[in-house]
Amino acid sequence: MAKTVKKTVETSEFTEVSEAQIAVHWKEEEYYQPSEAFKAQANLRDPRIFEKFGLDKFPDCFKTYADMLTWFEPYHTVLDTSNAPFWKWFVGGKINASYNCVDRNLAKYASKAAFIFVPEAEGERDVVITYQELHTRVNEMAALLRGLGLKAGDRVTLHMPMVPELPVTMLACARLGVIHSQVFGGFSGQACGSRIQDSGSRLLITMDSYWRNGTLSDHKANADIAVRTAKELGQDVDKVLVWQRYPGTYSAKTPMVAGRDVFVNDLLEEHHGKKVDPVLLPGEAPLFLMYSSGTTGKPKGAQHGIAGYLSYVTATSKWILDIHPEDIYWCMADIGWITGHSYIVYGPLANAATSVLYEGVPTFPDSGRPWRIAERLGVNIFHTAPTAIRMLRKLGPQEPRKYKYHFKSMTTVGEPIEPEAWRWYYDEVGKREAVITDTWWMTETGGFLGTTVPAIHAMKPGSCGPAAPGIHPIIYDETGVEVPKGSGRAGNICIRNPWPGIMQTIWGDPDRYVKTYFGKYNRNPRSKDWRDWPFMCGDGAVQAADGYYRILGRIDDVINVAGHRLGTKEIESACLTVPEVAEAAVVPVQDEVKGRVPEVYIAVKPGVQPSQDVIDRVIKANEEVIGKIARPKHVYIVPDMPKTRSGKIMRRVLAAISNRRDVGDVTTLANPDVVEQIRVMVQGKDKVPTTQGQLPEDIAKYGEVE
Ligand code: WTA
């Protein structure tokens, strides 16, 4: 059993020995070896790579990554640390991401497919876009954007679904040096609007509609809400460009707004066949913003730079995903999240890959769909999240056997994967032929951190592996002492060194960047030496004696719902938009398929009667402010929140209740009686047995960082 560490909630998060050091027990898993056939064809198979990327070779080892790109003018400095921790990679050179992903592939691969778009409706034909066609479309779109007066450094917000027009738009922006900020299509209009405001975009690019689970949505409605929200926050949007899901037809009911809304396809007619020279941009210029959730209610815009980011995703696509130009690669993530940016668009295209882009949900119309697509298109590299794996396993455990596809390599990303689910992925989906890489990383890091190199390392279910070349992790306890491997103790995983894929800053909030990622373990804020600036990733982790890392989940107030990162403070502030709600607390609950789902506790204002109506409006508020993915599993109206004597809500107690666990000792609370009332409300009269097993680390520690 774990050492119990008593702590009072008033103590600061920086000083005490905390539960990050609680012993973490789990069964050591068996290793699985890559096949000889896989090793023989792999892009990276020489184990000496780890010497070449040793810390003593840092940062020059990363020249290899920059050399995978085509430069208009060479860089002179690999890493500039003069404004630490705002690292500048590959400084002094001129480059363009659109050129690297499109133009440079024309000489050899003009007639090869860059994207194969698979619409959700099974009767609808695929759309194949060759590199030549992609070049034409990106140029025309760039001409259109330039015609609207956009230039390098301007921001544009995209709120688009999984259609080829999305990468076309991103690459058109990149051609001009315009910074794109794609908001996940499943986010609400309001969520899009607040990101428009934060980025200072005057242009929104959207699509009229798209298919999801058999329904053609009215996505244009979100654009109207987004523009209104942005305006309320002080940001005017001059134009909304609307792509049509079926060119020439308007598939949404919401009217176009005269003078503001324009169909992209109409505008494109004026730009037919136009060419736009890729703008020669400094390597360290920004490429895009990707908003992500953190501890506060305000999402942060992770800013990624052109050369560092692009070189990192190019190299890891080649070495870890093992993409060769002749492969058919399919990543089921959404381009609206970082995985899609890095490993559907930029990384694969820079390697001249054929990247499959699927519009809809994996289980539509049934759980055989992904395997039919794989068989029909000859997909041989497959990339998805544990949530999809668990779902496909639940609905069709033997479905993959019916189809004659063969994967050489499979990736999992976004959440910890249980060994059980891993083994099904390996045995049934991969047919025991494919290697699995469990890639651990985050929006802020641009690309993979923890992973195996598939032709070099054995796989171990449930552990992401050691780290990618040039990534040197370290686990610290709360006091900044290293937690050694094999100790069985967990701590906060950090990366000792910068790497090219790391974000440049948080858009508009450099202080938050320094504080969030470096505040805890930096010992000298004036230091220009990268050794003084370990990057705190935001996850708890434990390192086994063999050096493999097991990721235990977020240590901040972020819940990973089906691989989607949601801020609990964002959910709480959405609840508080309902006028009757006085207080709201959100906790993560374990879910068989989605990993974690949010559950909401609210206290209503004096004089307000608890009612189903209030609950319904709290649910609706979450859908409107954030999106359907934030829909809580349950909403409980409680007489009062369990609180400390200093008035802090004890979210950890609520998390224990929601997860059907014993609440432990609550006698130090200001109102211990209310805990039992809430417990009975949620769990029923009978006490849950204390033998329920330990809570996962992220839930056990939930709500401590406040
Ligand atoms: C979690 C997604 C375990 C982790 C790329 C991280 C993982 C957060 C893994 C980032 C993995 C991602 N194993 N956990 N292989 N990959 N995570 O920013 O908690 O959407 O901090 O980036 O997902 O989520 P984000």
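What's counted below: heavy atoms across the whole structure, side chains too, no hydrogens, waters or symmetry copies. Read the numbers this way: they start at 1 and go in the same order the structure lists the ligands and their atoms.
When non-hydrogen atoms are compared, ligand 1 lies under 4.0 Å from neither the backbone nor the side chain of Cys464. Residue contacts with ligand 1, taken as heavy atom pairs separated by less than 4.0 Å, do not involve His564 at all. If you look at Ile338 next to ligand 1, the close heavy atoms, those under 4.0 Å, all belong to the side chain. Proximity of Arg565 to ligand 1, defined as any heavy-atom pair under 4.0 Å, is confined to the side chain (atoms from C-beta onward). Of the heavy atoms in Thr443, both backbone and side-chain atoms come closer than 4.0 Å to ligand 1.
When the options Thr439, Ile551, Asp539, Thr451 are ranked by their closest heavy atom to atom 21 (O) of ligand 1, first place goes to Asp539. The nearest non-hydrogen atom to atom 15 (N) of ligand 1, considering only Asp438, Asp698, Val558, Val413, comes from Asp438.
The closest approach between any non-hydrogen atom of Trp441 and ligand 1 is below 4.0 Å. Remark: distances from the non-hydrogen atoms of Gly414 to ligand 1 include one below 4.0 Å.
Looking only at atom types and distance, the side chain of Tyr521 has a donor-acceptor partner in the side chain of Asn492 under 3.5 Å away.
Between Phe62 and Tyr65, the ring planes are perpendicular. Angles over 60° get that label, and only those under 30° would be called parallel. In this structure, His457 and Tyr548 have perpendicular ring planes: the angle between them is above 60°, well past the 30° mark. Taking the six-membered ring where the residue is Trp, His180 and His341 present tilted rings, their angle falling between 30° and 60°. Under the 30°/60° scheme for interplanar angles, the aromatic rings of Phe184 and His564 are found to be tilted.
Residues Glu29 and Arg423 are paired through a salt bridge, judged by an N-O separation under 4.0 Å between the basic side chain and the carboxylate. Salt bridge annotation for Asp198-Lys298: present, with a cationic side-chain nitrogen under 4.0 angstrom from a carboxylate oxygen.
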Exercise for review: Applying ring pair (Phe, Tyr, Trp, His ring centres under 6.0 Å), run through Trp533 and Phe86 and close with a yes or a no.
Suggested key: CA-CA 10 Å; Trp533 295 95; Phe86 300 89; 8.6 Å; no

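Within the listing of ligand 1, atoms 1 (C), 23 (O) sit less than 4.0 angstrom from a heavy atom of Asn560. Each of the following atoms of ligand 1 lies closer than 4.0 Å to a heavy atom of Met442: 6 (C), 10 (C), 18 (O), 21 (O), 22 (O).
For a threshold of 3.5 Å applied to N or O pairs, the pair formed by Thr339 and ligand 1 contains no separation below that value. Note: no N/O pair closer than 3.5 Å links Thr412 and ligand 1 by distance alone.
Smallest separation of non-hydrogen atoms from Glu444 and His304: O-CE1, 3.6 Å.
Ranking the protein heavy atoms by distance from atom 13 (N) of ligand 1 puts Glu415 O, 3.3 Å first.
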